[in-house]
Chemist: 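Just passing along the structure, written as C-alpha cells.
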Amino acid sequence: LKVHLDKQTVQTYYPLLHTLEVIELQTTGAFPQVMPFWSPEPEALARDYEVGLSLDTAGLHTLRLVPREARGLVQEIQLILRDLQPQAFVQVEKNGTRVRLDITTFTINPEVSEAQLALHVPAGTKVVHPLQ
C-alpha cells in the first residue's frame, strides 16, 4: 500500500489489486486527518476526542482517542509508543474492522526531497475515483 497526499488529491495505490484510488479533496470538502495526534493544533484533540493514556507491563504507552461525535466510521484510534517513539497506529472501526500500521523506523524531521515523495504506479494499473 502506498499513499500520496497533496493539496488536491489523496492517491492510494494497492499493488496486489493493481489499483490506484484517487479522491479529489474538493469532493470531500476537507483535508483528511488520518492521524489526528499529529495535528498542527493539538488542543483540538481534547475538543474532538475523549483522550486516554495507559502504560502496560512491557513499558508501552497507548494513547487512545475516541471520537466525541458518533458520526463516521471510526470507533477508536490508538497510538502505541515506547520511550515516546511511535511503534504502531491502530484504527478500530465501528463494524469491528481493525487496521494496524507497525512503525519500524521513526525519524524526527528527516530531510525528504519531492522526488522521494513521488508515487510511481506501473502501466496498466486500474484507476478508480470512489467519490465520483
Chemist: Restricting to pairs with a member in residues 52-67, which pass salt bridge (charged side-chain N to carboxylate O under 4.0 Å, His left out), not counting sequence neighbours?
Modeler: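 Residue pairs passing salt bridge (charged side-chain N to carboxylate O under 4.0 Å, His left out), neighbours aside: R64-E76.
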Chemist: Output side-chain donor-acceptor pairs under 3.5 Å for residues 106-113, partner residues at least two apart or in another chain, one line each.
Modeler:
residue	atom	partner	partner atom	Å
S113	OG	Q116	N	3.3
S113	OG	Q116	OE1	3.4

Chemist: Kindly state each residue pair satisfying salt bridge (charged side-chain N to carboxylate O under 4.0 Å, His left out) with at least one member in residues 113-132, sequence neighbours excluded.
Modeler: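 Every pair satisfying salt bridge (charged side-chain N to carboxylate O under 4.0 Å, His left out) with a residue in residues 113-132: there are none.
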Chemist: Kindly work out whether a path of hydrophobic side-chain contacts (I/L/V/M/F/W/Y, heavy atoms less than 4.5 Å apart) joins Y49 to L63.
Modeler: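 Yes; L63 is reachable from Y49 via cluster members.
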Chemist: Please enumerate all residues that pass side chain to side chain contact (heavy atoms under 4.5 Å, CB included) together with R100, with sequence neighbours excluded.
Modeler: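 If we apply the side chain to side chain contact (heavy atoms under 4.5 Å, CB included) test to R100, skipping adjacent residues, the hits are I80, A88, V90, D102.
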Chemist: E21: which residues meet the salt bridge (Lys or Arg N to Asp or Glu O under 4.0 Å) condition with it, sequence neighbours left out?
Modeler: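 In terms of salt bridge (Lys or Arg N to Asp or Glu O under 4.0 Å), with neighbours along the sequence ignored, E21 is linked to no residue.
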Chemist: If hydrophobic clusters are built by linking Ile, Leu, Val, Met, Phe, Trp and Tyr wherever their side-chain heavy atoms come under 4.5 Å apart, do V128 and L5 end up in the same one?
Modeler: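 Per the 4.5 Å side-chain linkage, V128 and L5 are not co-clustered.
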Chemist: Could you measure the distance from the CG atom of D6 to the CD atom of Q11? Nearest 0.5 Å is fine.
Modeler: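 Taking CG in D6 and CD in Q11, the distance rounds to 6.5 Å.
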Chemist: Kindly write out the residues that satisfy side chain to side chain contact (heavy atoms under 4.5 Å, CB included) with E93, not counting sequence neighbours, or none if the list is empty.
Modeler: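 For E93, the residues satisfying side chain to side chain contact (heavy atoms under 4.5 Å, CB included) (neighbours in sequence not counted) are Q91, N95, T97.
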Chemist: Within the 4.5 Å heavy-atom criterion, are L81 and L79 side-chain neighbours or not?
Modeler: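 Yes. Closest side-chain heavy atoms under 4.5 Å.
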Chemist: Within the structure provided, determine whether V92 and V74 are in side-chain contact (heavy-atom separation under 4.5 Å).
Modeler: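 SC-SC contact between V92 and V74 ruled out.
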Chemist: Is the closest side-chain heavy-atom distance between Y14 and T12 below 4.5 Å?
Modeler: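 Heavy-atom side-chain distance check passes, below 4.5 Å.
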Chemist: To the nearest 0.5 Å, what is the distance between CZ on R82 and CD1 on I103?
Modeler: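 Result: 13.0 Å between the selected atoms.
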Chemist: Determine whether L101 and I77 fall in the same hydrophobic cluster, where Ile, Leu, Val, Met, Phe, Trp and Tyr are linked whenever their side-chain heavy atoms lie under 4.5 Å apart.
Modeler: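 Cluster IDs for L101 and I77 match.
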Chemist: Sequence neighbours left out, what passes side chain to side chain contact (heavy atoms under 4.5 Å, CB included) with H18? Give chain and number order.
Modeler: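 Once residues adjacent in sequence are excluded, H18 has no partner under the side chain to side chain contact (heavy atoms under 4.5 Å, CB included) criterion.
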Chemist: Which residues pass the side chain to side chain contact (heavy atoms under 4.5 Å, CB included) test with V121, not counting sequence neighbours?
Modeler: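 For V121, the residues satisfying side chain to side chain contact (heavy atoms under 4.5 Å, CB included) (neighbours in sequence not counted) are Y13, L20, L119, T125.
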Chemist: According to a hydrophobic-cluster definition based on side-chain heavy atoms being under 4.5 Å apart (Ile, Leu, Val, Met, Phe, Trp, Tyr only), do I23 and L73 belong together?
Modeler: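 No, it is not one cluster - the side chains of I23 and L73 are not joined through contacts under 4.5 Å.
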Chemist: As an exercise, state the distance from CZ of R98 to CD of Q75, rounded to the nearest 0.5 Å.
Modeler: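 Going from the CZ atom of R98 to the CD atom of Q75 covers 9.5 Å.
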Chemist: Taking only residues two or more places apart in sequence or in another chain, which ones pass side chain to side chain donor-acceptor pair (under 3.5 Å) with T19?
Modeler: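 Expected list: none.
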Chemist: Indicate yes or no: at least one non-hydrogen side-chain atom of E24 is less than 4.5 angstrom from one of T9.
Modeler: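 Yes, their side chains come closer than 4.5 Å.
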Chemist: Given the rule in the side chain to side chain contact (heavy atoms under 4.5 Å, CB included) test, do H61 and L53 qualify, once you have shown the distances and angles that lead to the verdict?
Modeler: CA-CA 7 Å; H61 286 88; L53 184 64; 4.1 Å; yes
Chemist: Applying salt bridge (Lys or Arg N to Asp or Glu O under 4.0 Å), can you list everything that pairs with E69, at least two apart in sequence or on another chain?
Modeler: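 Result, salt bridge (Lys or Arg N to Asp or Glu O under 4.0 Å) vs E69: R71.
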